[in-house]
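Quick note on labels: first sequence line is chain A, next is B, and so on, each numbered from 1.
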Number of protein chains: 2
Amino acid sequence: MRISALAAEVGLPVATVKFYLREGLLHAGAASSATQASYDDGHVRRLRLVRALTGPVGLSVQQARAVLQLVDEPGDDLYSTLGRAVGALPPGGAEPGEASDPFPRARAALESLGQVYDPDFAAVAQLERALAAAADAGMPISPERLAHYGRTTAELAAYDLERMPAEPHAAVEYTVLGTALYEPVLLALRRLAHQDAAVRRLGRPG
Amino acid sequence: MRISALAAEVGLPVATVKFYLREGLLHAGAASSATQASYDDGHVRRLRLVRALTGPVGLSVQQARAVLQLVDEPGDDLYSTLGRAVGALPPGGAEPGEASDPFPRARAALESLGQVYDPDFAAVAQLERALAAAADAGMPISPERLAHYGRTTAELAAYDLERMPAEPHAAVEYTVLGTALYEPVLLALRRLAHQDAAVRRLGRPG
DNA sequence: TAATATTGGAGAGTCCCACTATCCAATCAC
DNA sequence: GTGATTGGATAGTGGGACTCTCCAATATTA
C-alpha cells in the first residue's frame, strides 16, 4: 500500500500523513526504493489511533507522541510506566513545588477516602488543580460530595482493573488507551444521565 | 478598585484583563470619567471564574463566553437552557447530519440503558463520537462495560440532581459550573482510584 | 500649578500549533 | 520514453490567546 492509498483509507490528506511521519506519530513504511515505501494494516490502525487521540481525546501532537511512545515501549517497571503514561494525558497538573505540602487539598481528599497518596503521580496534581479551580470559582466541593464521588470512581476503577490484561505490554496499552478513550464516554454518559434525571424531575418540555 | 488593582488581585497582567473586557468575558467597571472605571468584588470573582474555565476546564475564549452568557441570562425554558449550556462545553460533538439515524451507537447505548434519547441534546453527539473513536482506535466498548458505566454515571447524576437548586437562575449556574468544574475532579479521582487499585493488585514498587 | 503616572480604548504584533502547500530529484506505470 | 507519484525537506497559512504600543484624557503627587 502506497502513501496515497493509506491516506485515502483513513480519509486524510497525504500531506497530513507526511506530517505525522515527520512528527514521529507514525512509523515509516518499508522502503522499497529511494522514492517508494509500502504501508500495511498496522499503519492504518496506528493512524486511526492517532486521529482518535488528537481529535476526540483532545491531545496535542506532543502529548500524543509521549503517550504512543510509552505504549510502544513500556519500561520494565509496570507501576511507574503506568503512572508516567497516564500522567502524559491531559489535563496534566503542575509540577510539585518546593512546599512541604504541595497538594494540600488532594492529600486531604485522598486521606479521607482512604486511598494511596503518592505525590509523584500526576493525577494528584490534577486533582489539586481541579479542587482549587472549583473553590476559586466559588463552587468548592463539599467533603460529602467528594466522598460520594470517591466511592463511585473506586467502583469504576475496580471494574476496569478486573479486566486489565496480565501481560505488561498489553496492560499499558489497555490502561492508557482505556483512560484516554473511555473518559469522554464517561463524561458524555454523565451529562446524558443528568438530562435523563432532569426530564424525570422537571417533566418534558413543550 | 482600578484595573491595575484588579489585575494584581487576581494575578494577571493588566493587558490580559483588558483582553477579557474586549472579548466580553468580563463586564465593564463603573465608569467615573473618560479614563477611569472602578471594579468590585464581582469582577474579582468573575475573573477567577474565567481563569478556571479557560485553564483547568480547558475552554476556549469563545466557549467560555457562550457558557457565561447562558449563566448570566438563562432563558425562560429551563430544560432547553440547561441543554444549550451543557452543549456549549467541550468536547462538543458534531452536528447531526441528514442521515435518518445520525447517532446509531449512541442511540443503541441509551436505549439499552433505558434512558431518554433526544438527538438535539449535544451530549448525544459527544457520546457518538466518543464511542466511534474508541471503536476506530481498536478498543470498542463492550455492551457489558457500557451498562456498568451507565449505571454508575446514573448514580452520580442522581446525587447531583438531588442537590440542584430550585430557582432557575441558580439551577443553570449549578448545572453548568458543576459540569465544567467537577468533571476534572471526577477524572482525576478515577485515575487515582486506578492507581490505588493497581497498587493493591500489583504491590508497591521498589 | 506643574510634572509625572495611570487609565480606557483600540490596533497591531507575537508566539505557538496543526496542519497545508510547494519543490525537487528519483522512480513507477503504461 | 513520458507523464504521474513518491519520499523528503522547506516554507507558508490560519486560528487562538494573549501581549505590546500608542494616545489623549484624567489622577496623583510634588
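The nearest whole Å value for the distance from the CG atom in A/L21 to the P atom in D/dT10 is 16 Å. With rounding to whole Å, B/L6 atom CG is found 13 Å from C/dT7 atom C1'. As a whole-Å value, the separation of A/R65 CZ from C/dC19 P is 13 Å. Regarding A/I3, its CD1 atom lies at a distance of 16 Å from the C1' atom of D/dA4, rounded to whole Å. Atom CG of A/L53 is separated from atom P of C/dA18 by 13 Å (rounded to the nearest Å). The distance from atom CD of A/E23 to atom P of D/dT10 is 14 Å, rounded to the nearest whole Å.
A/R191 and B/E183 are joined by a salt bridge, as a carboxylate oxygen and a charged side-chain nitrogen come within less than 4.0 angstrom of each other. Salt bridge absent: B/D40 and B/R46 never bring a charged side-chain N and a carboxylate O closer than 4.0 Å.
Sorted by first and then second residue, the ring-ring contact (aromatic ring centres under 6.0 Å, His included) pairs with a member in residues 31-68 of chain A read A/H27-A/H43, A/Y39-A/H43; sequence neighbours excluded.
Contact check for B/R84 versus B/L70: side-chain heavy atoms found under the 4.5 Å cut-off. No side-chain heavy atom of A/P184 sits under 4.5 Å from any side-chain heavy atom of B/R129.
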Q: If a protein heavy atom is under 4.0 Å from the base, mark B; if only from the sugar-phosphate, S; if neither, -; do that for nucleotides 17-30 of chain D going 5' to 3'.
A: SBBB----BSS---
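For A/R163 and A/Y159, the positive end sits near the middle of the six-membered ring, less than 6.0 Å away and at most 45° from its axis.
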